[in-house]
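Residue numbers run from 1 in the order of the sequence given.
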Amino acid sequence: HADTRAVRGVEVATGSLGAVYVSNGLWQTSGEVKLGEDGQALVVLDGGSLYANTSSVNAHIYIPFAQGTSRVMLTSADSKLTQIGNSSALQISNGTNGYGELIVSNGMLEVTEIDIADGRYTAGAMYLYNGTCVVSHTGGSSINVGSDNYSTGLLVVADSRALIVATNGTGLVFAGSGATRSNSVGNMDFSAGTVLARGFRMAYSRDSRSEVVMGDATLVNRQDTGITVANGINSDAQLVLTHANSLVDCTNTAVGNPVILGASTGSYGRLLMSNGTMRLNRLVVGNTGVGLMTMENQAQVAVKENIYIPNSATGLGTGTGTLVLASSLASLTATVGTTVVGANCAGAKAGSGTVIISNGTLNIRLLNVGSACDGLVTV
């Protein structure tokens with residue numbers, strides 16, 4: 001149909017089934033868009049477009065809205081889903097016990113914000129293959145995976161031509177989207193493609209969990225929020241690089257912008273490199289939590305300035321950091337700044353820093369061992 005206006009709900013009754021198939025033309029809506037509420041909904045854009053004007057406050061696109069099950073699919077190179085309105089979001093499952101999926105096997109997604117699993121006890125997933133996703137939100141995080149309490153979210157990026165651009169807000173957040181939220185799970189299967197982000201924070205909220213596994217993929221971080229692995233109190237997260245072409249680049253950012261493992265009290269952040277390359281400004285292995293970084297096979301890391309193992313931001317010295325090089329081809333280079341093994345803050349006596357080089361190369365300018373707490377380097 002050439003132009004259908006103000007079609008807002010697809011299957012709102014419990015047990016009902018409904019589908020919309022757009023093979024050509026434009027489906028245009030205004031205000032809230034509920035693609036499934038308590039029933040089951042399927043929306044397929046196979047060459048057609050959905051244009052949603054959600055400029056009014058809280059006029060979100062829901063997949064689904066309440067306890068329903070909903071799936072939205074973009075299947076053709078000409079498929080496009082567009083949302084306008086900076087106060088609104090694309091919410092992939094919003095209600096308690098609901099489940100939603102967004103599958104972009106082709107086409108273009110141009111939206112304000114994406115919240116995957118944005119309600120208590122909800123689950124949601126987004127799959128991006130041969131498609132492009134541009135998120136324009138400016139007031140906060142652009143993509144939230146496992147956003148609410150006890151929610152479970154999954155983001156899959158799995159094609160060499162897949163592209164996510166989230167550079168206007170504060171980037172991607174996994175497992176919780178605020179200080180009052182907790183016990184959420186946010187994971188990412190990043191086997192291929194490219195993500196351009198303005199911040200990448202894992203296990204953001206208290207007691208949250210997150211895992212991101214990178215294959216033949218590229219993550220470029222472009223702003224001051226940096227990359228944090230295990231951000232929240234008592235959180236647990238790991239970032240895994242598995243492929244020779246895995247690339248994390250954080251150099252196009254402000255001076256001092258760090259990659260932090262184990263940012264908060266009781267947190268445990270792990271960076272496990274079985275392969276791949278990382279280009280960083282600053283590296284912190286253990287802040288006030290526990291950080292672990294391992295490098296195997298052909299893992300390569302270049303740091304433009306300082307390395308802190310650990311770094312106690314509060315001076316209480318609770319951080320514990322461990323760096324392990326375990327392969328003859330593994331290499332860490334930091335020839336401009338200082339590498340501190342043992343927290344850099346005065347009075348940081350309870351923490352500890354350890355570097356173990358069982359194989360590989362550590363190429364640095366200046367090494368301080370036992371700066372403000374216990375430090376150990378074993379070669």
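- Criterion: ILVMFWY side-chain heavy atoms under 4.5 Å apart, direct or through other members. Under it, Val145 and Val173 are not part of a common hydrophobic cluster.
- Taking CD of Gln91 as the reference point, atom CD1 of Ile61 lies at 10.0 Å (rounded to 0.5 Å).
- Between the side chain of Asn168 and the main chain of His137, no donor-acceptor pair closer than 3.5 Å is present.
- When hydrophobic clusters are built by joining Ile, Leu, Val, Met, Phe, Trp and Tyr residues whose side-chain heavy atoms come closer than 4.5 Å, directly or via intermediates, Met126 is grouped together with Met188.
- Residues Leu50 and Thr29 meet the side-chain proximity criterion, which asks for heavy atoms closer than 4.5 Å.
- No donor-acceptor pair closer than 3.5 Å links the side chain of Ser141 to the backbone N or O of Thr170.
- For the atom pair Leu81 CG and Ser49 OG, the distance stands at 8.5 Å (nearest 0.5 Å).
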Under the side-chain contact (heavy atoms from CB on, under 4.5 Å) criterion, do Thr322 and Met293 qualify, and how do the steps go? CA-CA 6 Å; Thr322 302; Met293 179 174 174; over 6 Å; no
Carefully, step by step, assess Cys250 and Ile227 under the rule side-chain contact (heavy atoms from CB on, under 4.5 Å). CA-CA 8 Å; Cys250 299; Ile227 294 178; 3.3 Å; yes
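- Of the N and O atoms on the side chains of Asn130 and Asn106, at least one donor lies less than 3.5 Å from an acceptor on the other residue.
- Ser264 places a side-chain N or O within 3.5 Å of a backbone atom of Asn231 that can act as its donor or acceptor partner.
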Given the rule in the side-chain hydrogen bond (donor to acceptor under 3.5 Å, both in side chains) test, do Tyr308 and Asn306 qualify, once you have shown the distances and angles that lead to the verdict? CA-CA 7 Å; Tyr308 296 111; Asn306 299 332; 3.1 Å; yes
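- Side-chain atoms of Asn297 never come within 3.5 Å of backbone atoms of Ala299 as a donor-acceptor pair (strictly under, hydrogens ignored).
- A 4.5 Å side-chain heavy-atom check between Val195 and Phe190 finds at least one atom pair inside the cut-off.
- Here the closest heavy-atom approach between residue Ser93 and residue Gly100 is recorded as CB-N, 3.7 Å.
- Atom CG of Asn94 sits about 10.0 Å away from atom CD of Glu37, to the nearest 0.5 Å.
- A salt bridge is defined here as a Lys NZ or Arg NE, NH1 or NH2 lying under 4.0 Å from an Asp or Glu carboxylate O, and Arg181 with Asp118 meets this definition.
- The closest donor-acceptor contact from the side chain of Thr242 to the backbone of Met214 lies under 3.5 Å.
- Minimum heavy-atom separation, Thr180 to Asn149: O-OD1, 3.7 Å.
- To the nearest 0.5 Å, atom CG of residue Asn221 and atom OG1 of residue Thr251 are 10.0 Å apart.
- For the residue pair Asn183 / Asp207, no side-chain donor-acceptor distance below 3.5 Å is found, with atom types taken as modelled.
- Pairing each heavy atom of Gly232 with each of Ser267, the nearest pair is O-CB, 3.5 Å.
- Using a 4.5 Å heavy-atom threshold, the side chains of Met273 and Met278 count as touching.
- No side-chain heavy atom of Ile63 sits less than 4.5 Å from a side-chain heavy atom of Lys34.
- The line from CD of Gln298 to OG of Ser328 is 9.0 Å long, rounded to the nearest 0.5 Å.
- A continuous path of hydrophobic side-chain contacts links Phe200 to Leu283 [ILVMFWY only; heavy atoms under 4.5 Å].
- Counting only heavy atoms from C-beta outward, the side chains of Met202 and Leu239 approach each other to under 4.5 Å.
- Panel note: side chain Ser70, backbone Leu35; a donor-acceptor pair is recorded below 3.5 Å.
- One hydrophobic cluster, built from ILVMFWY side chains closer than 4.5 Å, cannot hold both Leu45 and Met108; they sit in different ones.
- By the rule that hydrophobic residues join a cluster once side-chain heavy atoms approach within less than 4.5 Å of another member, Ile309 and Ile364 end up as members of one cluster.
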If you apply the rule side-chain hydrogen bond (donor to acceptor under 3.5 Å, both in side chains), what do you find for Asp115 with Asn144, and how did you get there? CA-CA 5 Å; Asp115 297 326; Asn144 300 295; 2.7 Å; yes
side-chain contact (heavy atoms from CB on, under 4.5 Å) between Val20 and Val44, worked out: CA-CA 6 Å; Val20 175; Val44 180; over 6 Å; no
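- Exactly one residue among Val135, Val134, Ile114, Thr132 makes a side-chain contact (heavy atoms from CB on, under 4.5 Å) with Leu109. That residue is Ile114.
- Using modelled atom types, no side-chain atom of Thr294 and backbone atom of Val324 make a donor-acceptor pair closer than 3.5 Å.
- In this structure, a donor-acceptor pair under 3.5 Å is absent between the side chains of Thr194 and Arg161.
- Remark: the Asp46 side chain and the Thr75 side chain contain an N/O donor-acceptor pair separated by less than 3.5 Å.
- At distances below 3.5 Å, not a single donor-acceptor pair connects side-chain atoms of Arg282 with backbone N or O atoms of Glu305.
- Side-chain contact check for Leu128 versus Ile164: some heavy-atom pair is nearer than 4.5 Å.
- Between Asp249 and Arg279, at least one side-chain N (NZ, or NE/NH1/NH2) sits under 4.0 Å from a carboxylate O, which counts as a salt bridge.
- With a 6.0 Å radius and a threshold of 12 heavy atoms from other residues, nucleotides or ligands, Arg71 has its CZ atom at or below the threshold.
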side-chain hydrogen bond (donor to acceptor under 3.5 Å, both in side chains) between Asn363 and Thr361, intermediate numbers included: CA-CA 6 Å; Asn363 184 17; Thr361 302; over 6 Å; no
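- Using cut-offs of 30° and 60° for the angle between ring planes, the Tyr127 and Tyr129 rings count as parallel.
- Using a 4.5 Å cut-off on side-chain heavy atoms (C-beta onward), Lys304 and Val336 make no contact.
- When all heavy atoms are compared, the tightest approach of Gly360 to Leu325 is C-CD2, 4.4 Å.
- Leu90 is not listed as a side-chain neighbour of His60, based on a closest heavy-atom distance of 4.5 Å or more.
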Report the C-alpha separation of Thr112 and Ser88 in whole Å, then their side-chain angles, then the decisive distance to 0.1 Å, and conclude whether the side-chain hydrogen bond (donor to acceptor under 3.5 Å, both in side chains) test is met. CA-CA 7 Å; Thr112 303; Ser88 303; over 6 Å; no
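- Summarising the geometry of Val301 relative to Met295, their closest heavy-atom pair is CG2-CE, 3.6 Å, with the distance given to 0.1 Å.
- Looking only at distances, a side-chain donor or acceptor of Ser246 sits under 3.5 Å from a matching main-chain atom of Gly215.
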Start with the C-alpha gap between Leu102 and Leu74, add the side-chain angles, then the distance that decides, and say whether side-chain contact (heavy atoms from CB on, under 4.5 Å) holds. CA-CA 8 Å; Leu102 173 62; Leu74 280 68; 4.3 Å; yes
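- The line from CD of Gln300 to OG of Ser331 is 5.0 Å long, rounded to the nearest 0.5 Å.
- The minimum heavy-atom distance linking Ala203 with Ser210 is given by the pair N-CB, 3.4 Å.
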